[in-house]
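In this chain, residues are counted from 1 in sequence order.
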Amino acid sequence: MKRYYVIGALMLLIVALTAVILHLNIPKPQLTSEPETEPEVEAMTPASTVPPIASVTAPASTAPATTVAPSTSTVPPSSSIYTSSSSVTASSVPATEITELLDSEERLYVDELIRSYPGLFSVYYKDLQSGESYLYEAYTLYYPASLVKVPYALYLFSLADEGQCDLDAVLTLQERHKQKGTGDLKNAPEGSQYTVRELIEYMITISDNTAFKMLRDQYSLWDYNKYCRKTLGISSVTYEKVTAEDMAICMEAVYNYIMTETPNALFLKDLMARAKFCNIKAPGSELIIHKHGWGNPTFNDMALVFGERDYLIVIMSDRCDGTKEDIKMFHKISSAIYEFQKSATPVPQSSVNTSSQSTASSAAVLQSKAEAAI
């Protein structure tokens with residue numbers, strides 16, 4: 001009998017050891033450098049010129065880098081609730097505060113406009129005053145590319161506001177920081193020094209991958225992931241796939257932060273206003289601040305549009321080429337949304353319900369205005 005107990009105990013020990021070994025060998029998701037390259041610049045909407053930031057050369061590294069913990073979060077699969085491209089459903093606001101953006105004709109025009117292009121596209125629009133939203137395939141998963149740099153910047157500013165991140169602290173460029181793709185710092189000499197503030201500016205305005213890497217090495221992705229879950233209310237935003245809804249939640253958080261008008265909030269607003277390659281059209285708006293993201297296999301842009309009624313818009317696609325036709329598609333979709341939003345009657349959040357609202361413009365007028373804006 002004792003022999004059976006011994007054999008049983010040994011078998012349990014073997015199973016436990018095997019589980020430990022397998023756990024140690026499981027590859028962990030890493031936030032690798034982004035394979036983003038410059039799109040067709042001549043076809044892009046020009047942005048403000050970003051002034052170069054002077055660097056200071058240092059003989060050796062003096063800024064210790066903390067160990068970056070790998071991301072352990074996952075993005076939930078596409079929701080089965082969303083079954084129609086013209087459906088409107090709740091996301092970051094209660095269902096009672098969501099209404100259909102377009103009447104049947106206008107919704108049909110926007111839906112058909114998106115369907116007229118090959119490939120996958122997702123659109124998320126939200127009026128930040130009334131709460132009205134329009135969703136088209138908003139739960140399809142995409143590679144976000146440089147869109148991830150916005151929530152990461154928001155995370156760093158939140159740390160700075162709490163006294164946990166010194167924006168004037170100096171970090172030193174090392175060879176291991178240099179990343180392929182967009183940005184200028186990959187060409188800077190090793191030992192060059194930049195403040196955290198300057199690195200955030202490079203990261204947002206010219207989408208510098210090397211600046212992003214330097215910041216990630218200093219400020220843990222582990223804590224950033226916790227920030228995404230607990231503060232933003234989403235699983236995470238890394239280079240794993242995300243949805244248009246995820247990025248809309250991030251942009252609404254950016255908007256709410258900007259509305260505090262603190263120095264750091266206004267600095268973030270200025271950086272996004274100067275970000276290159278804006279593919280969102282809103283003719284006549286007071287200001288567009290945005291961040292684009294482009295890399296195999298995706299082409300995305302997201303923006304806050306300030307005007308009589310502020311709104312956010314996220315457009316994501318699998319059009320990784322970034323051609324003139326792709327950019328024209330982004331212009332037409334965002335222009336159509338803008339023309340409706342400009343002419344629609346504002347609906348107070350307290351009176352919004354889930355029924356369709358009558359609109360001031362027909363699909364034909366919407367189409368002609370959107371095409372005229374291109």
Side-chain angles (χ1 to χ4, degrees), residues 31 34 53 63-73 75 91-93 124 126 128 144-171 194-209 211-240 242-243 245-275 287 289-291 293 302-304 306 310 312 314:
L31 187 56
E34 178 185 2
I53 305 173
T66 58
T67 302
V68 178
S71 168
T72 57
S73 61
V75 179
S91 59
S92 58
V93 296
Y124 194 114
K126 182 176 179 181
L128 294 165
S146 281
L147 299 188
V148 304
K149 294 168 183 173
V150 169
Y152 189 74
L154 188 62
Y155 163 67
L156 294 181
F157 285 125
S158 71
L159 291 181
D161 292 341
E162 297 169 358
Q164 300 180 39
C165 171
D166 182 1
L167 297 179
D168 295 318
V170 175
L171 303 183
Y194 308 90
T195 65
V196 172
R197 190 188 308 274
E198 290 171 337
L199 292 173
I200 295 174
E201 182 169 359
Y202 275 116
M203 179 179 71
I204 296 298
T205 57
I206 62 173
S207 203
D208 197 296
N209 292 333
F212 190 23
K213 172 63 174 173
M214 291 177 69
L215 291 168
R216 295 196 325 256
D217 272 10
Q218 192 68 21
Y219 299 98
S220 167
L221 285 178
W222 182 270
D223 292 331
Y224 164 69
N225 286 332
K226 289 194 296 184
Y227 169 82
C228 288
R229 292 191 299 270
K230 295 182 179 180
T231 303
L232 299 183
I234 57 179
S235 295
S236 179
V237 182
T238 60
Y239 286 143
E240 298 174 6
V242 299
T243 67
E245 183 193 46
D246 292 331
M247 302 318 301
I249 292 172
C250 292
M251 289 299 279
E252 187 165 7
V254 170
Y255 179 79
N256 291 335
Y257 182 62
I258 288 173
M259 289 298 101
T260 66
E261 296 188 339
T262 63
N264 287 339
L266 295 178
F267 181 49
L268 176 59
K269 182 180 182 180
D270 174 66
L271 296 182
M272 294 182 66
R274 292 191 286 122
L287 177 68
I289 69 173
H290 87 111
K291 184 71 186 76
M302 59 185 187
L304 294 173
F306 294 86
D310 304 338
L312 67 82
V314 178

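- Asp208 approaches Ala211 most closely through the heavy-atom pair OD1-N, 2.9 Å.
- For the side-chain contact (heavy atoms from CB on, under 4.5 Å) test, residues two or more places apart in sequence or in another chain that qualify with Thr231 are Tyr227.
- Looking only at side-chain heavy atoms (C-beta outward), Met272 and Leu268 come within less than 4.5 Å of each other.
- Within the 4.5 Å cutoff, no side-chain heavy atoms of Met302 are placed close to those of Leu312.
- Counting only heavy atoms from C-beta outward, the side chains of Lys291 and Ser207 approach each other to under 4.5 Å.
- When the side-chain contact (heavy atoms from CB on, under 4.5 Å) test is applied to Cys228, the partners found at least two apart in sequence or on another chain are Tyr224, Leu232, Ile234.
- In this structure, Cys250 and Val150 have side chains that are not in contact, with every pair of non-hydrogen atoms separated by 4.5 Å or more.
- The closest side-chain heavy-atom distance from Lys226 to Trp222 is below 4.5 Å.
- Residues meeting the side-chain contact (heavy atoms from CB on, under 4.5 Å) test with Leu266, sequence neighbours left out: Glu261.
- Applying the salt bridge (charged side-chain N to carboxylate O under 4.0 Å, His left out) criterion to Asp161, with sequence neighbours excluded, gives no partner residue.
- Remark: Asn256 engages Glu252 in a side-chain contact (heavy atoms from CB on, under 4.5 Å) (not counting sequence neighbours).
- One finds the CD1 atom of Ile206 at 10.5 Å from the CZ atom of Arg274 (value rounded to the nearest 0.5 Å).
- Residues Cys165 and Val196 share a closest heavy-atom pair of SG-CG1, 4.1 Å.
- Proximity of Ile200 to Phe157: side-chain heavy atoms (C-beta onward) are separated by under 4.5 Å at one or more points.
- For the pair Met251/Tyr124, no side-chain contact is recorded, criterion being any heavy-atom separation below 4.5 Å from C-beta on.
- Judged purely by atom type and a 3.5 angstrom limit, Tyr152 uses its side chain to pair as donor or acceptor with the backbone of Leu215.
- Here Asp166 pairs with nothing under the salt bridge (charged side-chain N to carboxylate O under 4.0 Å, His left out) rule; sequence neighbours left out.
- Using a 4.5 Å cut-off on side-chain heavy atoms (C-beta onward), Asp217 and Leu171 make no contact.
- No donor-acceptor distance shorter than 3.5 angstrom exists from the side chain of Lys269 to the backbone of Ile289, with no hydrogens or angles considered.
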